Enquirer: 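Can you keep this structure in mind? I'll have questions shortly.
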Amino acid sequence: MSTRKPALKKPPRDKAIYTLLRRMLRVARALPLPIFLKDASLRWRYANPAAQMLFGLRRKDYHGMSDAALMDDVSAVTCQLSDRAALEGRGLIQRKENVLDRSFRVYKYAPRSEDGAPLGIIALAIETTELEAARTEGERLRDFYDALSEINQGIVRERYGDTAELFAHICRIVVGHTPVLMAGIAMIDREAGVLHYTQQACRVADFPDLGRVRLDLDPDSEYGRGPVARAARGLETVVVNDVLGTPEMAPWHELYRRYNGRSTAAVPVMVGDRIEAVLSVFAKEIDFFTPELVRLLRELADDVGFAIRTTEQRARVRYLALIDPLTDLPNRVHFLELAEQALATSGGQARRAQLLLIDIADFKFHNDLLGHEVGDTLLRALGRRLVAVVGETGLVGRLGSDEFAVLLVEPGDGSETGFARSLRAIDMELDQPYDVGLSESLLLKTEQSTALFPDDGHQPESLLRRASMALRAAKLAGPGSRVPYSMALERRLEYRHLIRHQIERALEAGEVIPYYQPQIDLGSGRVCGLEALARLVGRDGTILEPIEFIEEVEGDRGLVRRLGLAMIGAVAADLTALSHAGLDVPIAVNIGARHLLAPGFKRDIIDQLGRYPDMRSVLEFEITETTHLGDLSRATEAVRWLREQGLSVALDDFGSGFTSMNHLQRLAIRKLKLDQGFVLDLIDNPRDQAIVRAVVQLAEGLNIDLVAEGVASEPLGVLLRELGVTRLQGHAISPPLPLDALIRWTHDWHLPLDWC
């Protein structure tokens with residue numbers, strides 16, 4: 001009789017998991033894509049070799065572990081959200097997930113037993129880090145233009161003891177200004193027949209010392225077939241746009257693979273007819289080095305060569321350092337130098353002058369919409385027009401991305417009529433259409449400011465500082481504005497600085513208070529929603545109203561983000577009291593459009609939901625700053641993601657600014673806030689009544705909730721009901737109230753008889 005003990009039977013569901021696992025193993029082991037298997041309790045059961053390599057784990061390290069034990073909190077929350085969606089769903093789902101600071105497109109499927117219960121989750125991940133981090137060609141070129149300009153300025157301004165200091169400076173700037181992985185400079189030792197790196201800079205902290213990497217000049221050596229050696233021998237630029245796919249790069253494959261390098265370029269640095277060194281650049285993307293980018297690298301290498309040539313050639317480099325390479329105009333440094341010369345006194349009598357600053361309105365929008373090549377063409381065209389209209393009597397420079405400066409000097413008669421004539425001539429010239437190679441010419445609007453010499457400043461720097469103050473005011477006033485500097489303007493800016501300090505202090509101290517304004521459903525007479533509106537505690541303990549701080553907040557994307565996140569936390573602290581008062585209704589928190597479109601928006605929301613999980617059931621995002629909803633593709637993706645998280649999204653101020661039918665079609669919004677501009681004069685304005693009636697029909701057809709804001713009187717509520725609007729918000733119902741006052745209001749509220 002056999003003495004073998006009978007095998008223990010596994011539970012049916014556990015047996016199904018192991019059966020599934022055995023079938024997967026043969027395929028999963030061979031795939032280069034990370035594959036995971038979790039059981040129904042979301043514990044890790046299997047990870048193929050690619051997944052183990054991703055996390056740096058062995059089976060004993062992950063088996064039976066949860067996401068929280070294997071990754072940081074934010075990554076764990078992201079994975080858990082999509083895992084739950086897969087368990088609750090009935091098919092394949094896909095999500096974008098960030099894990100260990102890398103981006104993935106993850107596909108998840110939950111197989112089920114015969115009774116329909118989920119057995120676990122099968123997941124496959126495709127890394128998209130490089131795709132999402134990749135920049136457009138125009139952005140890369142601009143980065144290299146900036147690096148080139150700073151290198152040239154550094155060559156002129158710095159005092160290098162030897163070429164080693166110069167080369168170290170070059171490497172740091174290239175890595176600091178552009179998206180490359182590494183920049184290094186190799187010197188030639190012809191006696192030994194080798195090259196060796198003497199300087200390098202890299203984004204990766206543990207990148208090895210390239211001075212230990214073998215590079216031969218001998219073309220028959222396997223270490224002499226790389227781009228650095230070929231550039232040194234042939235005196236020409238060598239590009240390898242797929243390192244791992246190039247057999248000649250085999251001696252260095254491990255180095256590139258380890259640090260995720262995919263392409264490289266080597267450019268000889270020439271001093272006259274003699275090669276001095278080789279500039280080598282690594283990048284993470286295949287096909288990174290386009291012909292235009294290679295041209296810029298050659299120009300950079302040429303300028304380095306000029307820096308170590310004769311005194312005459314150094315003078316040429318100085319000239320390049322003072323000129324903006326895109327427009328051939330003086331840059332900020334050189335413009336101020338030339339302005340100081342132009343403003344020099346003559347015979348003891350100061351010459352009157354006017355400094356004009358010009359900024360292209362919505363330049364970033366044009367740049368992103370039409371492409372950086374068109375944007376660069378616009379900048380060059382505007383610079384040429386300014387030079388043509390100013391002539392030899394003035395000075396034109398480019399101070400920044402889309403900011404130009406013009407110095408107008410009066411002939412000496414002391415009158416200001418010449419200034420006025422020059423400004424009119426400039427306006428007429430800039431208002432003409434721009435031919436940039438498109439099917440139609442473009443019309444540009446600008447924001448401008450002025451400052452007078454010597455009235456507003458005796459030095460070019462002080463004049464520029466005050467003109468810049470006025471330019472900030474012109475940008476707030478909008479396209480077509482020209483604002484002169486004044487002491488009153490400076491005092492206003494000082495006041496704004498004080499307000500900003502109070503905003504920063506309130507955010508740091510957590511002194512953000514939500515005031516709630518109820519929304520009423522006319523059908524039931526009950527509260528159907530709340531809008532949480534921010535109030536800040538001032539330095540002296542007083543409550544700051546939005547009219548005092550909202551302009552400053554909306555002018556700064558960072559403040560918009562911080563205030564929105566602070567409001568989520570403040571509302572979360574009130575949830576228990578609101579629930580006890582019977583106000584278990586959606587609570588709208590304003591979210592700025594620029595925050596919605598920011599790269600870190602999703603991470604912010606995941607973090608907030610992790611901190612305040614009870615907010616998920618009531619939180620509604622109300623998109624404000626709709627004039628900044630220019631990138632509808634990104635906005636659509638962000639709104640879709642919010643809805644996937646189970647969150648409601650409303651669009652504020654519908655009918656004003658840039659909000660339009662296109663927003664409704666693309667964004668899939670489920671609630672509209674009718675702009676107060678249509679409501680305030682509704683009783684005496686038949687046209688507004690017709691518009692409201694049309695919006696009601698539109699909302700009904702699209703199955704979108706409609707809320708009318710700014711309902712200030714009972715007759716206005718009656719008219720809105722007749723027009724078909726059934727949800728109202730405004731002072732006729734209640735002004736925004738702090739929590740305690742809101743709870744007291746709920747006991748006294750009753751629907752006006754005329755609204756029933």
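Residue numbers start at 1 and run along the sequence shown. Here the structure is a predicted model, which is why all the values come from computation and not from measurement.
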Enquirer: With no hydrogens and no angle check, is any side-chain donor or acceptor of Asn241 less than 3.5 Å from a backbone partner on Phe288?
Expert: yes

Enquirer: Without swapping roles, check the side chain of Ser449 against the backbone of Ala467 for a donor-acceptor pair under 3.5 Å.
Expert: yes

Enquirer: Determine, for Lys602 against Glu637, whether the closest basic-nitrogen to carboxylate-oxygen distance falls under 4.0 angstrom.
Expert: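 Salt bridge: yes.
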
Enquirer: I need the Phe404 CZ to Thr327 OG1 distance, nearest 0.5 Å.
Expert: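 Going from the CZ atom of Phe404 to the OG1 atom of Thr327 covers 5.5 Å.
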
Enquirer: Does some side-chain heavy atom of Glu508 sit less than 4.5 Å from a side-chain heavy atom of Arg505?
Expert: no

Enquirer: For the atom pair NZ (Lys445) and CG (Asp359), what is the distance rounded to the nearest 0.5 Å?
Expert: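 Nearest 0.5 Å value for the NZ-CG distance: 15.0 Å.
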
Enquirer: Kindly write out the residues that satisfy side chain to side chain contact (heavy atoms under 4.5 Å, CB included) with Pro484, not counting sequence neighbours, or none if the list is empty.
Expert: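 Applying side chain to side chain contact (heavy atoms under 4.5 Å, CB included) to Pro484 gives Thr450.
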
Enquirer: I need the minimum non-hydrogen distance between Arg385 and Pro433, along with the two atoms involved.
Expert: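 Scanning both residues, the minimum pair turns out to be NH2-O, 2.6 Å.
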
Enquirer: Check for me whether Arg398 meets the cation-pi criterion with Phe335, that is, NZ or CZ under 6.0 Å from the six-membered ring centre and within 45 degrees of the ring axis.
Expert: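 No, Arg398 does not lie over the aromatic ring of Phe335.
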
Enquirer: One thing to verify: whether Lys475 and Glu447 come together as a salt bridge, which I'm taking to mean a side-chain N less than 4.0 angstrom from a carboxylate O.
Expert: no

Enquirer: Could you pull out the closest heavy-atom pair between Val175 and Ala183, with the gap in Å?
Expert: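 Taking Val175 first and Ala183 second, the nearest heavy atoms are CG2-N, 3.7 Å.
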
Enquirer: Asp302: what forms a side chain to side chain donor-acceptor pair (under 3.5 Å) with it, not counting sequence neighbours?
Expert: none

Enquirer: Does the side chain of Glu292 pick up a donor-acceptor pair with the side chain of Thr290 at under 3.5 Å?
Expert: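 Absent: no donor and acceptor within the cut-off.
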
